[in-house]
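Order of the sequence lines fixes the chain letters, A, B, ..., with proteins taken first and strands second; residue numbering starts at 1 for each chain.
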Amino acid sequence: MLAHQRGTELDLSWISKIQVNQPAVLRRAEQIQARRPVKKEWQAAWLLKAVTFIDLTTLSGDDTSSNIQRLCYKAKYPIREDLLKALNMHDKGITTAAVCVYPARVCDAVKALKAAGCDIPVASVATGFPAGQTHLKTRLEEIRLAVEDGASEVDVVINRTLVLTGQWEGSDFIKTSTGKETVNATFPVAIVMLRAIRDFFWKTGNKVGFKPAGGIRSAKDSLAWLSLIKEELGDEWLKPELFRIGASTLLADIERQIYHHVTGRYAAYHDLPMS
Amino acid sequence: MAATRTGSRACEIFTTLEYGPVPESHACALAWLDTQDRHLGHYVNGRWLKPEHRSSVPCQDPITGENLASCLQAQTEDVAGAVEAARTSLENWSTQPGAFRAQHLTRLAKMIQKHQRLLWTLESLVTGRAIREVRDRDVPLAQQLLQHHAVQAHTQEEALAGWEPLGVIGLILPPTFCFLEMMWRICPALAVGCTVVVLVPPASPTPLLVAQLAGELGQFPGILNVISGPASLGPVLASQPGVQKVAFCGAIEGGLRLLIQESVWDETMRRLQARMGRLRGGRGLDGAVDMGARGAAARDLAQRYVREAQSQGAQVFQAGSMPPDSPFFPASLISDLPPASPCTQAEVPWPLVVASPFRTAKEALAVANWTPRGGSASVWSERLGQALELAYGLQMGTVWINAHGLRDPAVPTGGCKESGSSWHGGPDGLYEYLRPSGTPTCLPYLSENLNYDTFGLAVPSTLPAGPETGLSPAPPYGLFVGGRFQAPGARSSRPIRDSQGNLHGYVAEGGAKDIRGAVEAAHQAAPGWVGQSPGARAALLWALAAALQRRESTLVSRLERHGVELKVAKAEVELSVRRLRAWGARVQTQGCTLQVAGLKGPVLRLQEPLGVLAIVCPEEWPLLAFVSLLAPALAHGNTVVLVPSGACPIPALEVCQDMATLLPGGLVNVVTGDRDHLTRCLALHQDIQALWYFGSAQGSQFVEWASAGNLKPVWVNRGCPRAWDQDAEGAGPELGLRAARTKALWLPMGD
């Protein structure tokens, strides 16, 4: 991941000056989804690009080493080889951006990835995920342990008590939500976050990454997210260092769309490998 | 596995992540043109008409220049035929119950829904506009318009009791946006029971398609007739017997003027440029394009303006992806234009934005209102108080706060100043096509012999006219201007005779200079009067009513001198008093809030004063008509210049004595003199916001002709007498509608 933010003096007056015109944000959100369709080869290429932004995620209470292993294998081979070949993209090293698991499963993931012979980073959610309502001491310890186990990225749940009382924290990456809320990554919220990222960049020259998570299930959704980033932040943000999509089922739909693009037919579920 | 289709470019796109073309198939539009053998005529009375020996105009794809079809140009007899069809179907259509017309409109809405792809591809193909604009906005809005007006038709008997449809409506459309602009106008017209003849510019097939869809509903084929022809047919349409009203719509979409406060100038320009840099232009039928093209003429216009601006020292920012070849022009942001340069004064063409800084909100308001146009504007601010202050102050038909370009069938859309004074949508849009029941249907009378250059030019000289036979006590001599009686500029007088032919007295002979002075006085009084609360206005009207009551005996005797019977004279005074009271009471119930589907927050429908209103009173009912016209004008916050009855101005001057003591100076100004001459002076005055004329047919014609110069709203009677003693005609809601201007103020909300 990126070198750490050089950081700036926290200036709360920036935050107090921020104004959000909600109706306008809603309109913009609608427009972006309607006005930037991509089709045919463009769609295939964009979808493959989207694959490289995915934090392939499993965050279930019943995760075990076996499904983690399967997930890691899918991260390494996200799209069926023959489909990639048909697109002449088989030698581009297309993998997901990372796998994302609970801290207790980091060990399994690191082991599985090593076995598959690849250097995809392991991301761990941490700090009392998803509520973050645990003691600072245990939260810090959790991060330390995950890193010890080999996690190279940590998704930290911020202390929302502090946020709601106006005490902010800084970060390299901001995420729409944990993905476990009733409402997760929505376009209007994303627009506001992206504008904040842009303003911060204009003010300080620091680039903060962005990760929408939760509810992004269809290939079409992922395309809309890519064009949202392209429109609001520009192409320079369209790389795994600055943009991730947290998703578990998205990859399957993307693969189905690629299958359709290549063959002209819609795939049955069993035509494509499980993740 | 099936045979594979290979994507050769995928690799390259994977790296650049560029956008690709998303062509919308326009096969159905072409197929529709094929049904007409690529040769479009007129759609009249449910049938295609292709008369012989007419010239035709090619309809071209504005981007490729490809010939799509040829369109016949109508001639006078084609116009006459269409009007005849509309007249014939009027009887049947206007007498149907509203609920029945509602059903028919609903069916048309469904018809449009069924063929929406054809509509949007055809419109985008021939206009070059971006498909998303047409598909996502225009076509759904067209359906909403039909549905909204179907509801209005359904409740017409109840909600619009006392009004009846005007008759056959002529509609003249501009080359761009003619489909949607047509819908805004035909929906209310058809809903209330009018029938329509639309004259579209050549090579505009979409209105023809709409007419065909309406025609194919089977019943009432003649209610919507569309003919295509040159603009020179406009006067022909207007002068057809039977056409009761002509609605004219000029070119719609221009560029924008942007006023940015100095303190946020840099930040705003930066964001604006960042956003404009991402605009994509291209073929309208591409689904991923923000801006289409408007053809070579529009591009040349924009290019000329930009070059001119650059030569005058302006900065021009152009960005965004735009195909380099004709006929595209990128959205351009122009700044640093010197304030006095010709470009600053000229109209900004599409797709340009001219940005200039301002210091205070007050300055911004002054700059924004310093234009002959008055269509729409938006105010962007997080300070609600200031935003509202600006929104109320802007002389515009529509103001959006922190939003732009929203439209809804329930919200009246219109303008003021040279943007015209008619309304579409909302309650106001309906009244455009209605008249109070029972008012005489005066057919437009156009005299060929009227000489506009000499009408009312000369004032006959007046000489002493025999012994004065007693005015006791005489009202002060002079013109009532600025709150006091003043000697006329010409220093001459005109004799007033009583019903016996004896000299009753002399009144001042007003002229051009006096009109100028009166208008000036009215303008000075305007801000004070507008600022008064409705309650305060009502109180003044009631005070005037009381004063009139006290003066009853004098007024009655003045009227008697002019041959009015005692009983009738008493009734006239009494009714005048009642009128003042009634309008005083109505002042307090103006404006309302509208609800719009899909919008969080209210839309305010404000009733604003027109400004300085000039009224030429009728000869008859010298007191009652004077008061009946004055009262609604004052109630709605206007300041007034009146010309009283020519034969009998004395009662009006009597009332002026009370106004001198009760009303602020300049609020009401009364100028006596030669009516034709004063009418001429008023009609040719550019700084009067509206003119009402009750007099001869010739005078009406002159007033309409002269006022077309700055499109000020006029109300003329074409020589038809009006029953001022009847409430419907003397105090009906029509007067209130004429005396005020609507403004729609959009207040979207959100946390």
Exercise for the section: Give the member of A:Arg36, A:Lys39, A:Met89 that has the highest number of heavy-atom pairs under 4.5 Å with chain B. Expected result: A:Arg36

Problem - Contact class of A:Ala44 relative to chain B, heavy atoms under 4.5 angstrom - result: neither

Problem - Rounded distance (nearest 0.5 Å) linking atom NE2 of A:His90 with atom SG of B:Cys11 - result: 9.5 Å

Problem - Nearest atoms (heavy-atom pairs only) where B:Tyr19 meets A:Glu231 - result: OH-OE2, 2.7 Å

Practice task
Please round to the nearest 0.5 Å and tell me the distance separating atom CD of B:Glu18 and atom CH2 of A:Trp42.
Solution key: 7.0 Å

Exercise for the section: Side chain from CB out, backbone as N, CA, C, O: work out which of these in A:Leu233 comes under 4.5 Å of a heavy atom of chain B, or both, or neither. Expected result: backbone

Completion exercise
Applying a strict 4.5 Å limit to non-hydrogen atoms, the region of A:Asp91 in contact with chain B is neither

Fill in the blank from the handout: ring pair (Phe, Tyr, Trp, His ring centres under 6.0 Å) filter on B:Tyr392, not counting sequence neighbours, yields none

Exercise for the section: Check whether A:Leu47 gets within reach of chain B through its side chain, its backbone, both or neither, counting any heavy atom under 4.5 Å. Expected result: neither

Handout entry: Exceeds 12 heavy-atom contacts within 6.0 angstrom, atom CD of B:Glu389
Key = no

Problem - Contact origin within B:Ile401 toward chain A - heavy atom pairs under 4.5 Å - result: neither

Completion exercise
Bottom line for B:Ala274: the part with an atom under 4.5 Å from chain A's heavy atoms is side chain

Problem - Contacting region of B:Asp136 [heavy-atom separation from chain A under 4.5 Å] - result: side chain

Exercise for the section: Between chain B and each of A:Asn21, A:Asp235, A:Leu226, A:Val38, count heavy-atom pairs under 4.5 Å; write down the option with the most. Expected result: A:Asn21

Handout entry: Heavy-atom check, side chain of B:Met749 versus side chain of A:Pro23, under 4.5 Å
Key = no

May I have the list of side-chain donor-acceptor pairs in residues 23-30 of chain B shorter than 3.5 Å, sequence neighbours left out?
{"from": "B:Glu24", "atom 1": "OE2", "to": "B:Arg117", "atom 2": "NH1", "distance (Å)": "3.2"}
{"from": "B:Glu24", "atom 1": "OE2", "to": "B:Trp120", "atom 2": "NE1", "distance (Å)": "3.1"}
{"from": "B:Ser25", "atom 1": "OG", "to": "B:Ala27", "atom 2": "N", "distance (Å)": "3.2"}

Exercise for the section: Identify which part of A:Thr52 has an atom lying under 4.5 Å from any heavy atom of chain B, answering side chain, backbone, both or neither. Expected result: side chain

Exercise for the section: State, yes or no, whether a side-chain contact exists between B:Val22 and A:Arg35 at a heavy-atom distance under 4.5 Å. Expected result: no

Exercise for the section: Find out whether A:Leu26 and B:Lys600 are in side-chain contact, i.e. whether some heavy atom of one side chain is under 4.5 Å from a heavy atom of the other. Expected result: no

Exercise for the section: Below 4.5 Å from any heavy atom of chain B, which atoms of A:Gln43 appear? Answer side chain, backbone, both or neither. Expected result: neither

Practice task
Could you grab the distance from atom CG of A:Asp199 to atom CD of B:Glu267, nearest 0.5 Å is fine?
Solution key: 6.5 Å

Completion exercise
Answer key: most heavy-atom pairs under 4.5 Å with chain A among B:Arg270, B:Arg271, B:Glu382 is B:Arg270

Exercise for the section: Just do the side-chain contact (heavy atoms from CB on, under 4.5 Å) check on A:Leu87 and B:Phe14 with the steps written out, would you? Expected result: CA-CA 11 Å; A:Leu87 292 164; B:Phe14 182 79; over 6 Å; no

Exercise for the section: Could you tell me whether a side-chain N or O of A:Lys230 sits under 3.5 Å from a main-chain N or O of B:Leu17, the two making a donor and an acceptor? Expected result: yes

Handout entry: Contact leader toward chain A among B:Ala288, B:Gly750, B:Pro21, where contacts are heavy-atom pairs under 4.5 Å
Key = B:Ala288

Exercise for the section: Step through the shown structure and confirm whether more than 12 heavy atoms of other residues, nucleotides or ligands are within 6.0 Å of CZ on B:Phe358. Expected result: yes

Exercise for the section: Kindly check if the number of other-residue, nucleotide or ligand heavy atoms within 6.0 Å of NZ (A:Lys92) is above 12? Expected result: yes

